[in-house]
6 protein chains.
Amino acid sequence: MTPNIETFIGCDSSFEEAKIVLFGAPFDSTTSFRPGARFGPSAMRHESFGLETYSPYQDKDLTDYRIFDSGDLELCFGSAELALLDIETRAEDILAAGKLPLLLGGEHLVTLGSFRAIHKRYPDVHVIHFDAHADLRDDYLGAKLSHACVLRRCHDLVGDGRIHQFCIRSGEREEFRFAKVHTDLHPFNFEGLEELTRWLALSGTPVYFTIDLDCLDPSAFPGTGTPEAGGVTFPQLLEAIQMVAKTNVVGADVNELAPMLDQSGVSTAAACKVLRELLLALSK
Amino acid sequence: MTPNIETFIGCDSSFEEAKIVLFGAPFDSTTSFRPGARFGPSAMRHESFGLETYSPYQDKDLTDYRIFDSGDLELCFGSAELALLDIETRAEDILAAGKLPLLLGGEHLVTLGSFRAIHKRYPDVHVIHFDAHADLRDDYLGAKLSHACVLRRCHDLVGDGRIHQFCIRSGEREEFRFAKVHTDLHPFNFEGLEELTRWLALSGTPVYFTIDLDCLDPSAFPGTGTPEAGGVTFPQLLEAIQMVAKTNVVGADVNELAPMLDQSGVSTAAACKVLRELLLALSK
Amino acid sequence: MTPNIETFIGCDSSFEEAKIVLFGAPFDSTTSFRPGARFGPSAMRHESFGLETYSPYQDKDLTDYRIFDSGDLELCFGSAELALLDIETRAEDILAAGKLPLLLGGEHLVTLGSFRAIHKRYPDVHVIHFDAHADLRDDYLGAKLSHACVLRRCHDLVGDGRIHQFCIRSGEREEFRFAKVHTDLHPFNFEGLEELTRWLALSGTPVYFTIDLDCLDPSAFPGTGTPEAGGVTFPQLLEAIQMVAKTNVVGADVNELAPMLDQSGVSTAAACKVLRELLLALSK
Amino acid sequence: MTPNIETFIGCDSSFEEAKIVLFGAPFDSTTSFRPGARFGPSAMRHESFGLETYSPYQDKDLTDYRIFDSGDLELCFGSAELALLDIETRAEDILAAGKLPLLLGGEHLVTLGSFRAIHKRYPDVHVIHFDAHADLRDDYLGAKLSHACVLRRCHDLVGDGRIHQFCIRSGEREEFRFAKVHTDLHPFNFEGLEELTRWLALSGTPVYFTIDLDCLDPSAFPGTGTPEAGGVTFPQLLEAIQMVAKTNVVGADVNELAPMLDQSGVSTAAACKVLRELLLALSK
Amino acid sequence: MTPNIETFIGCDSSFEEAKIVLFGAPFDSTTSFRPGARFGPSAMRHESFGLETYSPYQDKDLTDYRIFDSGDLELCFGSAELALLDIETRAEDILAAGKLPLLLGGEHLVTLGSFRAIHKRYPDVHVIHFDAHADLRDDYLGAKLSHACVLRRCHDLVGDGRIHQFCIRSGEREEFRFAKVHTDLHPFNFEGLEELTRWLALSGTPVYFTIDLDCLDPSAFPGTGTPEAGGVTFPQLLEAIQMVAKTNVVGADVNELAPMLDQSGVSTAAACKVLRELLLALSK
Amino acid sequence: MTPNIETFIGCDSSFEEAKIVLFGAPFDSTTSFRPGARFGPSAMRHESFGLETYSPYQDKDLTDYRIFDSGDLELCFGSAELALLDIETRAEDILAAGKLPLLLGGEHLVTLGSFRAIHKRYPDVHVIHFDAHADLRDDYLGAKLSHACVLRRCHDLVGDGRIHQFCIRSGEREEFRFAKVHTDLHPFNFEGLEELTRWLALSGTPVYFTIDLDCLDPSAFPGTGTPEAGGVTFPQLLEAIQMVAKTNVVGADVNELAPMLDQSGVSTAAACKVLRELLLALSK
């Protein structure tokens, strides 16, 4: 008789063998509107057993690839800096072992922990960012470390022209002005992604890929803190993920599922399917 | 220290300065199926703080315009006639001050109160009506004042050819027959709206604009008493609102959000965004 | 093959044979706070199939008695007077056939319809009233026909000293003052009920018995429009029902279940059990 | 006074007169993930009163046709074989009377009961199958009678080339391999349906039509046990139903609504509308 | 980095060292009313992290005892006999290793699997049964293996006078008649338990202890398939558990938590606390 | 026409006139289990309109006293120290004006902000603490400022023998050990409160009164982050509040309502009633 091991479906490789390592960051302390993203990674793990390991979209099966799920970090609530430090350390350990870190949030701020580790190792990294919100505020009610500032903090690290934002349909006027000068912002949808990824793939540029699931329309993904009408459809997102996967992705994350906000379970099921398709697209 | 003032986000002008005046009619006594629209206006006010004042769709910001939110009327439940009288009086007061009344329902019947005031001042007014339901019954179980009869009551006032209905996909056979002769009914979507609004704008005809939010597909807007599959998308509605706003709109309303029926909060968030876009489109 | 008949469990006598006749009044138009009591009677009928017909409390079985369930009246929303008229007519028809009318609300105002019929036939009737709320306002926002005024309207008919109220723990100061002079109000619990019912039973006085289920503590019965902490327990209510049933009960009602407000189903299950015990206690 | 009869709206013909007979199979014992489809048929019947009998899509009205609703079978939980037997018997009785059986599930396994009766009478029958899931497993955790195997069991009866599957987007790799050889599987959408139905209509081939409502996208239909992102829209489904109705449909079913999983009621409302349109399309 | 192990809090001994072994039976196929008990054991494991390992009631701490949690069995839905066989085998393995099996249901039928193993090893075993329902039907709609028959099946094994039932407040008349002759049924509460357990403890009789959590009042435990008003309080249940734990308990189970039916989480939290107190009481 | 002012019912005095000042602290960033207490104060304000201003328990009416509701502070999420500073400042301002600060949380940590202000002004203050949890950890996952440590931080300020804890039924073993030496902990209920309050009243000792609403049993108050079975009843809490109010209360708070966790609204209604009774008891 063995103890009860719970991983994302089909991710039962050992750490040593694995090419991709999942880790969860159940943190949402800076969420200003509706919290609950902390429960995202465990819900995805738990509900993934309603999903098949096989994808008819890509004709691939998770059981053919080596993925390790290291569970959730135990993060300190109430201190964003401490939480980010723990996330960064875990990402560094995974990178040091030559594997791709795939972070499950949590609120979007967790991206910063993982991205710091990536940026140290790949100083020329670009960011591809799918989101409803620009996340480019300099601070939020005085806090520099907030979900609403996370891409601004990434910009602090990489500078102009290396952050590529898609599906953005919400933000302060100031954020859109900032984006005009400093980032490559594509409002509402994925227009321009194909061209961008073709160019990044050709050059072999390292890419960090961060997916805020609220880029999806709330009809497909209601279970998130700040739903924004007018998003992309699920098939559009799948197609976009496959485009990005053709570039040299060196780290990724999926975040902002707040499962308690959608008691139909549809959002968690959609998040699981996005993760399966992302894992398969990144597995070659 | 000041008392707790709660307005729709960005609508904090004084009454005197304002060009548009919001007022809520928390009434749903004649709702025959699932009640709860009474909670619509306060939910929109309360949840609007998850919304930005800036719209990337129109590149405009609510903080640049003068809008006053006068809160909810205190209406008598159980008597439709008394409630309509209070709504009419409030609309008259706003019109008398030279401002545009924007009513938040409540069930669709509340439109009649506001429309009576408008019609007195603008006898040649046309009605543009977005809805899933024709609302053209002559009575409902004997009641002439029912949400299911509201456009029929408007027709009593304005007569043939001045009511323009869009997105209609539900009603008794008799209502569709009535519409063939007496109203300008466009089933299912916004086909014909562009032509109509171009013509109305040219002539400067006064327009009353009534939006039953259930014109949206239930996937985008589940929180309503009588959801009807097969509706329009959120971007289609935004585009249609901008078309109508080019005409001479003299009064408007947004109704039928029943927030308790959608505990994900997506419907309330969508309603807030519709209201923001409508306010911005009407502000010139 | 027969059509789908849905009655409260064990109530499948014919009208002719029946001693007790159930009828539902799915009305809640005057509810000022949270509506939904309109769905009470159909939910009780629907969910009663999770209940046994046998009561170990009374060692009696519904299948041994003759009870007819006539379904729900089709009531006009938006007009309290019309709805009350239909309820009164139905109660009169049942009384004319020599049977006991047992009304299922709906909001508490429906009691007035049934009670008018009872009072015509039994001018010396007393009322036993279980409720969290005094319901003694003279009007509510101008309306005389409101759930908050229903016992006051009964008092208009029977005058002082004939209304006996139990479990009352909420009301305006004015209502408690009125009660001191005009009704027999027992706050918080059933103190005094045993003595009262002994006296009423001895004299054979006709009794109308109205149960607002919110007399129960919200822990046992959360699914109601205006829950009031500090109510009685379920066993206390059962015991009280058995006391009242020893008097000459000539009409009764059970109301204010709002099933959508308690998605655990516990409130509907409790309401069904209250109704079963009431039916068994009234069946001799 | 009559007892409380509850049918799907507009389906109040007698059995003798009826051309179509509805019957419910409230069974979900083999559901491996989230149960609740047992409540589908009674929820559809109950909530159909929020629907109109008239369809503006087909300009037809249920009140013009003769449909009988025989309510729900009382099925044994815990034994799939016994439940299927009862379903088969009911379908045989309806066929023997020269009427079209229209089964309301329940989980998808119930199809097998109805299909066995159909196949005995029409050995050359084809199956048109709308679903998110292939349902082609040979067994599920050892059980041959499982919702995940139902089309495989149908294939046992009819053999290769007679099962036509549409909208399929989930399954084990093995099921897709089986489908390549043995069934006519169209992934993701309705591509190929028009051609197929034209050919079937010309030949007059008897067709069994089984609709798993989870073919719809979860945004339109979240209330189902295993929601699969990436489905068809409601208008696409309506159009497909009208195509299939032009063939010689000899039996049909609609299943997998789990109403408790979608507390907004949108899924039940959508299921009712699908059933109305199917009934109207099959009524000539 | 280690894979994600999820056990009930404080139960992280190895199998070899353990004195008590937890195992889950996520089965509810025969549930006739509202399903969902299948999710009970995993919800308890998942939510136990909101619980402390220390009990101020018993001044004991789970971390001081050796308990192993072997996770959930993978049971076949749709076949009660197969599921019971797997449960029986697991219980036998635990008994063979000299440990106490503690089963987490699932619906109450799962008890039979565990009890068959216990009865083989301890033919003179008595059963102490806490439940709202008598569960003494001989069959339910023809099925002998049903949650409504489970104690009757236990009676088939042990005969008269060895089943002791407490808190029973629901059942068919026939079940109460059966109990009068064949079992030791204590209605409504724990009256008689102290005397019984004193006697059983003195004699050292082996005892199987089965707790249907619906013995609790629905106010304390709404999340269960068939809630029955009029149950015991949480402190009463804790006290009763400590009495039973003084006898020679050789096997136990806790069942009928249906977590989805109580979205407040209160029922799952209560179930976790019952399990903690039971584990501590059984640990000496 | 006036803007929409929303206060707790009956608390519409001006700041200048008021004797008691309400202020909300919508903060729950350190909540380790289930967040949502941030929505407590606004939900209480919003739902208080279902409550009467008159209390039959105390025969007093809120409209007779002068209470000002200053709304919610705008607190920074993600930084406990900054949030506490803002709370402390607000409490100081209220104290400086000679009024009693009554804080509405939020998670229990907010107490520390208010208590720091109180302690500066009243160095000899005692604390009366109602709670299910001891909240005496020295740190929680490294954080000293956590809801689980809040009474420990108060102890840092006042030292031994001045913190009086009631209803405590959960904590680590270490916390109960700490309490034995350093605080006056009364487990499970209010035993000892009458004696304590008599003594404190006689001496005129200043008292800070902090109510974590989870001292109530979850049956009466399910809407809280960490529900603990076995709590006190609502009438017991009312009685206890009246006892404490007889001492020299110089500051108070009510916290840990998480309204989204109880969609029946019962918890919010109970919280409102607790606040009404507390305000009336403190008003002399």
Could you please spell out the steps behind the ring-ring contact (aromatic ring centres under 6.0 Å, His included) verdict for B:Phe49 and A:Phe33?
CA-CA 8 Å; B:Phe49 291 83; A:Phe33 194 42; 9.2 Å; no
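Residue A:Glu239 places its CD atom among 12 or fewer non-hydrogen atoms of other residues, nucleotides or ligands, all under 6.0 Å distant. Atom CD of A:Glu195 has 12 or fewer heavy atoms from other residues, nucleotides or ligands within 6.0 Å. Heavy-atom neighbours of A:Glu191 CD from other residues, nucleotides or ligands within 6.0 Å: at or below the threshold of 12. Atom NZ of A:Lys144 has more than 12 neighbouring heavy atoms from other residues, nucleotides or ligands inside a 6.0 Å radius. Residue A:Lys180 qualifies as open at atom NZ: its count of foreign heavy atoms under 6.0 Å is 12 or below.
Across B:Lys60, B:Gln263, B:Lys273, B:Glu47, the residue that shares the most heavy-atom pairs under 4.5 angstrom with chain A is B:Lys273. Ranked by heavy-atom pairs under 4.5 Å with chain B, the first of A:His133, A:Arg173, A:Glu175 is A:Arg173. Of all the listed residues (A:Arg169, A:Met260, A:Glu174), the one sharing the greatest number of non-hydrogen pairs under 4.5 Å with chain B is A:Arg169.
Closest approach of A:Phe176 to B:Pro56, counting heavy atoms only: CZ-CB, 3.7 Å.
Residues B:Phe234 and A:Ser219 fail the side-chain proximity criterion, which asks for heavy atoms closer than 4.5 Å.
Interface residue B:Thr63: only side-chain heavy atoms are found under 4.5 Å from chain A. Heavy atoms closer than 4.5 Å to chain A are found nowhere in B:Phe221, neither backbone nor side chain. Within the 4.5 angstrom heavy-atom criterion, atoms from both the backbone and the side chain of A:Pro222 approach chain B.
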